[in-house]
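Down below is the structure, laid out as structure tokens.
The figures that follow rest on heavy atoms only: side chains count, while hydrogens, waters and symmetry mates do not.
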Amino acid sequence: MLSPDEIRARLARVQAQVGPRVTVVAATKYVSVADMGALIDAGVAVVGENRAQDLEAKHAEYGDAFRWHFIGQLQSNKVKVVNRICELVHSLDSDSAARRLEVPALVQVNLAAESSKGGIDPSELERFLGYDVRGLSTMPPAASTPETSRRWFATLRALAEHHGLHELSMGTTQDFAVAADEGATYVRVGSILFRD
């Protein structure tokens with residue numbers, strides 16, 4: 001884990017690359033409860049957590065020091081925790097979770113139909129639009145260069161525009177600059193902020 005000053009400098013570089021209209025979500029899956037304090041000192045405002053039990057533990061320790069987002073697979077039996085803590089879910093992909101969710105969400109779309117990833121087929125999107133859905137998210141297939149992800153980000157942007165949705169969560173440490181170029185309003189970055 002880097003020092004707060006180093007994290008602050010890296011966060012500033014990412015923010016400068018994506019521009020002021022993009023929210024940088026610090027993905028904290030591999031950040032321990034104890035190390036979360038360094039993120040406060042570094043000025044991190046928004047964190048994204050993958051697991052409900054980690055979200056609960058970190059929130060118990062740090063409360064409203066952060067704005068909490070949920071970015072992992074959302075199981076319907078974990079929605080109660082997410083409702084209590086998070087301001088936004090990036091990974092809605094089931095009807096059972098949608099029915100229980102009380103906070104705004106982005107529907108996760110599996111554009112490449114990868115069996116190893118969550119998300120819905122684009123043809124299923126219509127049935128989620130009766131819920132508090134603000135936009136879409138995606139994780140493109142693993143790629144050797146950031147540019148390879150561009151077509152997936154452009155496809156997601158077009159799908160969102162078609163349905164009048166304005167928020168897009170796409171791009172990680174590997175390809176966040178390309179995602180921002182293609183209209184991301186949120187990028188989820190972890191290792192670029194925290195590790196050498």
Interatomic distance, S3 atom OG to R8 atom CZ [nearest 0.5 angstrom]
10.0 Å
Are I120 and L74 connected into the same hydrophobic cluster when the rule is that any two of I, L, V, M, F, W, Y join if their side-chain heavy atoms are below 4.5 Å apart?
yes
Can you give me the closest heavy-atom contact between Q15 and V22, atom names plus distance?
NE2-O, 2.8 Å
Gap separating the CG atom of D41 from the CE atom of M36, nearest 0.5 angstrom:
12.0 Å
Between L11 and A42 the two heavy atoms that sit nearest each other are CD2-O, 4.5 Å
Considering all heavy atoms, the nearest G48-V25 contact
N-CG1, 3.4 Å
Out of curiosity, Q174 CD to T145 OG1, how far, rounded to the nearest 0.5 Å?
11.5 Å
In short, V81 meets A52 closest at the heavy-atom pair CG1-O, 3.9 Å
Check whether any side-chain N or O of R188 sits under 3.5 Å from a backbone N or O of S169 as a donor-acceptor pair, and report yes or no.
yes
Taking distance alone, no hydrogens or angles, what donor-acceptor pairs closer than 3.5 Å link side-chain atoms of residues 99-116 to residues at least two apart or in another chain?
{"unit_1": "R100", "atom_1": "NH1", "unit_2": "S96", "atom_2": "O", "d": "3.0"}
{"unit_1": "Q108", "atom_1": "NE2", "unit_2": "G118", "atom_2": "O", "d": "3.3"}
{"unit_1": "N110", "atom_1": "OD1", "unit_2": "A113", "atom_2": "N", "d": "3.1"}
{"unit_1": "N110", "atom_1": "OD1", "unit_2": "E114", "atom_2": "N", "d": "2.9"}
{"unit_1": "N110", "atom_1": "ND2", "unit_2": "E114", "atom_2": "O", "d": "2.8"}
{"unit_1": "N110", "atom_1": "ND2", "unit_2": "K117", "atom_2": "O", "d": "3.1"}
{"unit_1": "E114", "atom_1": "OE1", "unit_2": "K117", "atom_2": "NZ", "d": "3.0"}

Closest non-hydrogen atom pair between G183 and L168, with its separation:
O-CD1, 3.5 Å
Tell me, which pairs form a ring-ring contact (aromatic ring centres under 6.0 Å, His included) where one or both residues lie in residues 10-67, sequence neighbours left out?
H59-W68, F66-W68
Does anything in residues 27-40 pair up under salt bridge (charged side-chain N to carboxylate O under 4.0 Å, His left out), and if so which pairs, sequence neighbours excluded?
none
Partners passing ring-ring contact (aromatic ring centres under 6.0 Å, His included) against F128 (at least two apart in sequence or in another chain):
none
Partners passing salt bridge (charged side-chain N to carboxylate O under 4.0 Å, His left out) against D93 (at least two apart in sequence or in another chain):
none
Applying side chain to side chain contact (heavy atoms under 4.5 Å, CB included) to V47 and V31, what does each step give before you reach the verdict?
CA-CA 11 Å; V47 298; V31 178; over 6 Å; no
F194 reachable from V18 in the ILVMFWY side-chain graph, under 4.5 Å edges:
yes
Are V187 and F70 connected into the same hydrophobic cluster when the rule is that any two of I, L, V, M, F, W, Y join if their side-chain heavy atoms are below 4.5 Å apart?
yes
Salt bridge (charged side-chain N to carboxylate O under 4.0 Å, His left out) contacts touching residues 135-158 (sequence neighbours left out):
E147-R150, R150-D181, R150-E182, R157-E161, R157-E182
ring-ring contact (aromatic ring centres under 6.0 Å, His included) partners of residues 152-189, not counting sequence neighbours, each pair once
H69-Y186, H90-Y186
Name all residues meeting the salt bridge (charged side-chain N to carboxylate O under 4.0 Å, His left out) criterion together with E124; count only those two or more places apart in sequence or in a different chain, and write none if there are none.
R127
Do L92 and L156 land in one hydrophobic cluster if side-chain heavy atoms of ILVMFWY residues count as linked below 4.5 Å?
yes
Residues 9-23 vs salt bridge (charged side-chain N to carboxylate O under 4.0 Å, His left out), sequence neighbours excluded, gives R10-D196
Treating T173 as the side-chain partner and G190 as the backbone partner, does any N or O pair qualify as donor plus acceptor under 3.5 Å?
yes
Check: V189 main-chain N/O paired with T172 side-chain donor or acceptor under 3.5 Å:
no
Approximate separation, where rounding is to 0.5 Å, of K78 NZ and Q53 CD:
5.5 Å
Identify, with sequence neighbours excluded, every residue that meets salt bridge (charged side-chain N to carboxylate O under 4.0 Å, His left out) alongside E61.
none
One should read off an interatomic distance between L159 CG and L165 CG, to the nearest 0.5 angstrom, of 8.0 Å
Kindly write out the residues that satisfy salt bridge (charged side-chain N to carboxylate O under 4.0 Å, His left out) with E56, not counting sequence neighbours, or none if the list is empty.
R84
Heavy-atom donor-acceptor pair, K58 side chain to T28 backbone, under 3.5 Å:
yes
Quick one: which residue pairs count as a ring-ring contact (aromatic ring centres under 6.0 Å, His included) with a foot in residues 8-28, not counting sequence neighbours?
none
Count I, L, V, M, F, W, Y as connected when their side-chain heavy atoms are under 4.5 Å apart, and connections chain through other members. Are V79 and L55 then in the same cluster?
yes
Provide the closest heavy-atom pair for A27 versus I71 in the form atom of the first, atom of the second, distance.
CB-CD1, 3.9 Å
When rounded to the nearest 0.5 angstrom, what distance separates CG in L39 from CD1 in I7?
5.0 Å
